[in-house]
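Below is one structure, written out as structure tokens; comments come after it.
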Amino acid sequence: MMASMPAAEVSPSRRRLPAGALRRRQLAASAWVYLAFLAVATIMAGTFVLAFIASLKVDPLERPFRIYFDQLNPAAWVAAARLGREGAGDALWGGLAPGANVHFSVTYAAPADARIVEPRAEIPRRRPGSGIAAALMRHYAADYASIALRSSSSATKQARDKRGIRQGWQARTFVYEITYRSDRHNGPWIERTPVNLTAPTSQTLIDSPISPSRSERRGRLLSWDNITPGALGLIFNNYRRVISETADLQTGKSLIGSWLGNSLAIATGRLVLTLVVASLAGYALARLKFRGSRLLFAAALFSMTIPAQVTFASNYLIFRDLSLLNTPWSVIVVFVASANVLLMKQFFEGFPREIEEAAIVDGANRFQVFCKIVLPNAKPALLVNAILAFQGAWNDFFWPLVLITSPPEALTIQVGLLSLRRSFGGVQGDWGLVLAGAFISIVPVVILFVLFQRHIVSTEFAKGTT
């Protein structure tokens with residue numbers, strides 16, 4: 001028996017800490033772990049939040065990137081609601097309708113030695129940024145509205161010069177009135193009311209109800225894409241555009257809903273097929289003894305190493321001969337369930353044999369044992385496979401791209417986003433609409449995660465994966 005060492009001879013590093021110091025050390029370790037998890041969560045959630053904020057912007061690629069802009073400014077929401085109500089009686093989605101009488105004010109400032117002149121105002125015949133939207137647009141505000149200066153007033157305001165020094169500048173506020181022409185009183189409702197203001201570079205815009213969409217000619221020309229947006233029309237303009245402007249040129253029907261419906265149908269079909277095949281195959285490999293079962297299991301494992309592109313040509317020819325091209329069935333049946341079979345096999349091997357044997361002694365056959373006893377207890381494993389299958393099918397891009405090419409309403413949402421990038425991105429530079437479409441595409445996956453998140457972190461779920 002080892003004699004106890006005197007306290008004075010114990011190394012300081014091995015000496016037992018007092019209870020208070022040990023408690024502080026534990027709290028410090030817990031705080032560092034908490035901060036580490038908080039940092040990871042902030043980074044992951046922060047990128048998501050920043051991407052959503054960017055999807056609200058007119059130009060998501062603007063430099064420098066601004067966190068605070070009209071779509072996040074409550075004062076701009078109120079102004080947009082007023083302008084929408086004056087334009088079409090709709091404070092939420094705005095527009096320009098017969099009887100509109102919109103008052104829009106802007107304030108310019110200039111140094112004391114410069115003269116402030118009235119900006120030249122016009123309602124341009126401006127098309128949306130893409131060819132699809134331009135083809136669908138039938139009515140322009142320029143054909144039905146007129147703009148005129150109603151009043152102006154002068155004042156002195158504090159402003160910064162080019163050196164950043166605050167000075168008392170002269171300022172003039174111009175109030176414009178946009179009216180729906182009386183000779184077009186039977187005209188249509190128009191979604192957008194663009195406005196251009198042209199002023200000398202010596203004077204600077206310092207105030208307006210909503211910020212201009214762009215500035216050109218070194219600040220001389222300020223443009224508003226829609227001066228009557230309404231509150232929601234201002235905030236979610238990109239989302240409204242992706243729904244209204246992503247349309248079939250032949251029928252004029254919005255395509256984003258069709259794309260979402262196609263992806264949902266394909267993901268649901270593949271989920272059901274995966275559960276049926278994986279549960280039956282997994283149970284057979286785990287419980288049934290037949291010749292070649294090991295070879296079959298090895299082949300299933302080997303198939304997991306084969307990229308989908310390797311079997312592309314053979315699968316394509318088969319679906320062509322079966323006349324399944326451009327149908328959801330081709331994407332539903334072309335899947336590899338090897339990983340799902342492996343998960344189910346591992347679960348069934350851990351299921352107690354005694355329960356199955358007792359059921360067989362009571363007169364149940366193998367299929368009844370599988371359906372009435374084993375399968376109801378395989379909920380964790382089935383849930384794992386269901387989530388993986390749905391997410392994989394929803395995010396699948398390759399097979400829908402090569403197997404479904406027409407008509408436009410038959411595409412899935414992932415392939416549809418590619419067409420959005422071609423139509424609105426690139427040279428058009430309309431990335432706000434593309435980003436809004438990408439966020440719409442993740443809504444079903446987010447809903448799935450919210451519904452099943454407690455199962456994802458539960459112990460039962462962990463059991464299903466082992």
Side-chain angles (χ1 to χ4, degrees), residues 265-312 314-315 317-319 321-322 324 328-396 399 403 448 452 455-456 458-466:
I266 290 174
T268 304
R270 192 181 288 187
L271 182 153
V272 173
L273 194 59
T274 299
L275 293 183
V276 173
V277 172
S279 58
L280 289 174
Y283 186 75
L285 292 173
R287 285 288 189 265
L288 303 183
K289 303 301 179 184
F290 56 92
R291 181 176 299 178
S293 60
R294 291 179 178 275
L295 179 62
L296 189 62
F297 181 63
L301 291 179
F302 178 72
S303 67
M304 296 172 61
T305 64
I306 301 176
Q309 290 77 6
V310 174
T311 59
F312 155 65
S314 58
N315 283 325
L317 294 176
I318 291 173
F319 290 127
D321 295 341
L322 294 175
L324 290 179
W329 296 108
S330 59
V331 184
I332 290 175
V333 299
V334 62
F335 76 107
V336 178
S338 302
N340 308 91
V341 172
L342 178 61
L343 285 174
M344 296 305 298
K345 177 180 179 295
Q346 292 299 104
F347 177 83
F348 290 137
E349 285 183 343
F351 191 79
R353 289 178 178 271
E354 294 78 9
I355 299 176
E356 298 180 59
E357 292 171 355
I360 293 175
V361 170
D362 290 341
N365 57 36
R366 180 63 71 177
F367 188 72
Q368 290 174 325
V369 170
F370 172 73
C371 293
K372 296 184 178 179
I373 296 177
V374 177
L375 209 55
N377 289 283
K379 180 182 174 183
L382 293 174
L383 189 58
V384 173
N385 280 302
I387 294 174
L388 294 179
F390 185 90
Q391 187 177 17
W394 185 268
N395 294 326
D396 189 11
W399 287 115
L403 296 178
L448 183 72
F452 295 101
H455 298 285
I456 293 176
S458 69
T459 305
E460 287 188 344
F461 188 92
K463 290 178 181 177
T465 60
T466 58

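Going from atom CG of Leu285 over to atom CZ of Arg294 covers 11.0 Å, rounded to the nearest 0.5 Å. In this structure, the separation between OG on Ser293 and CG on Leu288 is 9.0 Å, given to the nearest 0.5 Å. The structure places CG of Asn340 at 10.5 Å from CG of Leu273, a figure rounded to the nearest 0.5 Å. Of the inter-residue distances, the one linking Asn377 atom CG with Ile355 atom CD1 reads 6.5 Å to the nearest 0.5 angstrom. Between Ile360 atom CD1 and Gln368 atom CD the span is 10.5 Å, to the nearest 0.5 Å. To the nearest 0.5 Å, the span separating CG on Leu324 from CG on Leu403 amounts to 9.5 Å.
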| task | For Phe351 and Ile373, run side-chain contact (heavy atoms from CB on, under 4.5 Å): C-alpha distance rounded to whole Å, both residues' side-chain angles, the deciding distance at 0.1 Å, then the answer. | result | CA-CA 10 Å; Phe351 191 79; Ile373 296 177; 4.3 Å; yes
| message | Between Phe347 and Val384, does the side-chain contact (heavy atoms from CB on, under 4.5 Å) criterion hold? Intermediate values first, please. | response | CA-CA 11 Å; Phe347 177 83; Val384 173; over 6 Å; no
| request: Any chance you could lay out the side-chain contact (heavy atoms from CB on, under 4.5 Å) test for Trp394 and Ile266, step after step, and finish with the verdict? | output: CA-CA 8 Å; Trp394 185 268; Ile266 290 174; over 6 Å; no
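Of the possible polar contacts, none joining the Asp396 side chain to the Gly392 backbone as a donor-acceptor pair under 3.5 Å is found. Judged purely by atom type and a 3.5 angstrom limit, Arg270 has no side-chain atom pairing as donor or acceptor with the backbone of Ala389.
A 4.5 Å side-chain heavy-atom check between Thr311 and Val334 finds every atom pair outside the cut-off. Using a 4.5 Å cut-off on side-chain heavy atoms (C-beta onward), Phe297 and Leu342 make contact. Within the 4.5 Å cutoff, side-chain heavy atoms of Trp399 are placed close to those of Phe312. Looking at heavy atoms from C-beta onward, Phe370 lies in side-chain contact with Ser279 at the 4.5 angstrom threshold. For the pair Leu382/Met344, a side-chain contact is recorded, criterion being any heavy-atom separation below 4.5 Å from C-beta on.
Considering every non-hydrogen atom in both Ala386 and Leu275, the closest pair reads N-CD2, 3.9 Å. The shortest non-hydrogen separation linking Phe348 to Ala378 is CE2-CB, 4.1 Å. The minimum heavy-atom distance between Cys371 and Pro376, with the atom names listed, is O-CD, 3.3 Å. The nearest pair of heavy atoms linking Ala300 to Ser303 is O-OG, 2.6 Å.
With Tyr283 as the aromatic partner, Lys345 does not meet the cation-pi criteria of under 6.0 angstrom to the ring centre and within 45 degrees of the ring axis.
For CZ of Phe367, the number of neighbouring non-hydrogen atoms (other residues, nucleotides, ligands) closer than 6.0 Å is 12 at most. Surrounding CD of Glu356 are more than 12 heavy atoms belonging to other residues, nucleotides or ligands, all under 6.0 Å away.
A salt bridge does not link Glu349 to Arg287: none of the charged nitrogens lies less than 4.0 Å from a carboxylate oxygen.
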